[in-house]
Amino acid sequence: MVIINRYKHANQLLVGFENFPYAEIHIFVLFFLYILTRNEVKSGGRSDLIPTIKFRHCSLLRNRRCAVAYLYDRLLRIRALRWEYGSVLPNALRFHMSAEEVEWFNHYKKSLATYMRSLGGDEGLDITQDMKPPKSLYIEVRCLKDYGEFEVDDGTSVLLKKNSQHFLPRWKCEQLVRQGVLEHVLS
Amino acid sequence: MFVSDFRKEFYEVVQSQRVLLFVASDVDALCACKILQALFQCDHVQYTLVPVSGWQELETAFLEHKEQFHYFVLINCGANVDLLDILQPDEEAVFFVCDTHRPVNVVNVYNEAQIKLLIKQDDDLEVPAYDDIFRDDEEEEAEEHSGSESDNGSEPSEKRTRLEEEVVAQTMKRRQRREWEARRRDILFDYEQYEYHGTSSAMVMFDLAWMMSKDLNDMLWWAIVGLTGQWVQDKITQMKYVTDVGILQRHVSRHNHRNEDEEHALSVDCTRISFEYDLRLALYQHWSLHDSLCNTCYTAARFKLWSVHGQKRLQEFLADVGLPLKQVKQKFQSMDISLKENLREMIEESANKFGMKDMRVQTFSIHFGFKHKFLASDVAFATMSLMESPEKDDSGTDNFIQALDSLSRSNLDKLYHGLELAKKQLRATQQTIASCLCTNLVISQGPFLYCSLMEGTPDIVLFSKPASLSLLSRHLLKSFVFSTKNRRCKLLPLVMAAPLSVEQGTVTVVGIPPETDSSDRKNFFGRAFEKAAEGTNSRTLHNHFDLSVIELKAEDRSKFLDALVSLLS
């Protein structure tokens, strides 16, 4: 019974999960076979099938471990997305996340924001900026693709066209550099 | 108007503003741009850099960016045309133009508010006086009107005499006006007839840096490369080159005097620039000596290397210097040290015997580390080749960015790549010249020589860009002067055509002034092309900043040439 309960739990983990149908099918098949064999053993008295049951049990446990590791890795990547892209994720990424993951992301966002507000006095401190110690206030960037207009501090904007170079304040460009629209030029 | 104090009227004005830089596609512009960028980065001036390669691109880029900027700096573009007319800017836009193209357009010179020229006035500019060209027309018209109104209210007899007097006065005025206008047309025609180049923009920018005491060895090197780029492309006279080298030499010794002192010498890794009186052979330290002798225009033309006799003379020359053929064909760096020791003097001596008096030329070289040593001309050739490389160029600006990067010391791989491209280019140039001369493709049309490259010529794709085609044309003219016996043909200018785009059926046409010893490099083809195109309604595109390079539809070629012949004879 305990074994069955454990497998029910793994099942629940997988139910909302469209991403690896093959593993899912594998586990279901194994589970099905396991049930059959167990019935055989119990009712049919075939105790020579017990090693088969043990083997299938181990396979099921390993599959569950792989599934959990995969889900955990996804979670870590989603956490890194917050640091890379900021609070609003592009639609392409959100399309690939499940509803629970989106919810988890929102929770993480909220807790990070609360933490940041609690630092540095009244206004809070944005720790997602300047992840590497900056060497200068302004950096030279080159535009790798056409981006369009980009607003600068004093309200005016800069037109980012391919292969144009700009000398802008570091904090404004960081997001775009991380997204790959601008490239930091070292001279 | 001309800016007299560059620091106050240019730099301090833009220091607190955001600036847009338009940079043309040539070596001198790139170097000037690098120096200006370094100054701006030092002072945290926010700027945007937009490369432009022609008038259309300049207009498009200006339209896109004009909402966002008030201050524009144009490097090596814009001085020789009426900028306000072409760009149609707003009232508050201010243009700083640092350009080597001469003559400077008179509107640009006399506009006080919007156009500031970063050009030294001690260059021989010869701008016509204001009164000779501009005139207040309003006063005249007012006088005429008041004259015609006042005679309505007077008596008939007086009216008649007054009318006669007035008619006489008006006729005199009109005649004066016509004379003035004819004189104006002549003055302007003389002024704008010949195109030439002035002091390198890179040197102007370096001067600005020096005035602000912000000059560095790196900036000095860029100024040197800019000047050498102008000389390699025959844009300035030998005299001017030597004068400017003298100016730069003073700066070089100021920055690099520590290297001469044995005790306090800097480490090998530091950048050192030194003055050299070195051989004129292109890229010889990165190539083999034999290749360099064969592919430098100076030696190839004088030895007449397109003929078998010429090849023999080259062998004799090498024997005279005392260099074994096997050594000479190796890479220069692997030549025996004993041969390299007095190489320059030995080659100069033998060159004098063979009729080449200017084998050595004043130039500069840069060293950093044990491996990296470059002459200024090496870097100039490499940058030119990178900028016009035939490799796939989607937006037209990739090559510019490559070339710009190659000027930084941290991008040596790009510089070496540029050197390889330069070698290919020089080889292709010499081979094309040899084939043109051997098949007599250079024909005399009367007032000028004409040569047209056919579509199937090998390496034709290398010569569709303006600077490469100009280089090829100049070298071809020099070689032709040495190959022909016809004394009259030696003094003729050259018009060269090469196919540009097969789908659109266009050719690039370049006009080169005649080759004489004391030539002042003044080129009249800009105006000549314009007039010929107008006269025959040929479909031409005068897109390049150098007005002597145009694009033409292949079908209109013959009538265009005919018009040119009749214009120039």
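Residue numbers start from 1 in every chain, and the chains themselves are labelled A, B, ... in the order their sequence lines are given, proteins ahead of strands.
Rounding to the nearest 0.5 Å gives a distance of 12.0 Å between NE2 of B:His251 and CG of B:Asn217.
Neither the backbone nor the side chain of B:Arg409 comes within contact range of chain A, judged by heavy atoms closer than 4.5 Å. For a residue to count as touching a neighbouring chain, one of its non-hydrogen atoms must lie under 4.5 Å from one of that chain's; by this rule B:Leu404 touches chain A with the side chain only. The part of B:Gln37 that comes within reach of chain A is its side chain, from C-beta onward, which places non-hydrogen atoms under 4.5 angstrom from that chain. Proximity to chain A is limited to the backbone of B:Val45, based on heavy atoms less than 4.5 angstrom apart. B:Asp405 touches chain A through its side chain: at least one heavy atom from C-beta onward sits under 4.5 Å away, while N, CA, C and O do not.
When each of A:Val158, A:Leu137, A:Ile139 is checked for heavy-atom pairs under 4.5 Å with chain B, A:Val158 comes out on top.
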Would you please test B:Glu9 and B:Lys116 for salt bridge (charged side-chain N to carboxylate O under 4.0 Å, His left out) and show each step? CA-CA 9 Å; B:Glu9 297 174 38; B:Lys116 319 268 178 181; over 6 Å; no
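Of all heavy-atom pairs between B:Ala38 and B:Met219, the closest is CB-CE, 3.9 Å.
Annotation for B:Lys214: atom NZ counts as buried by contact number, over 12 foreign heavy atoms lying within 6.0 Å.
For the pairing with A:Arg142, the side chain to side chain contact (heavy atoms under 4.5 Å, CB included) check across A:His184, A:Gln165, A:His166 returns one residue only, A:Gln165.
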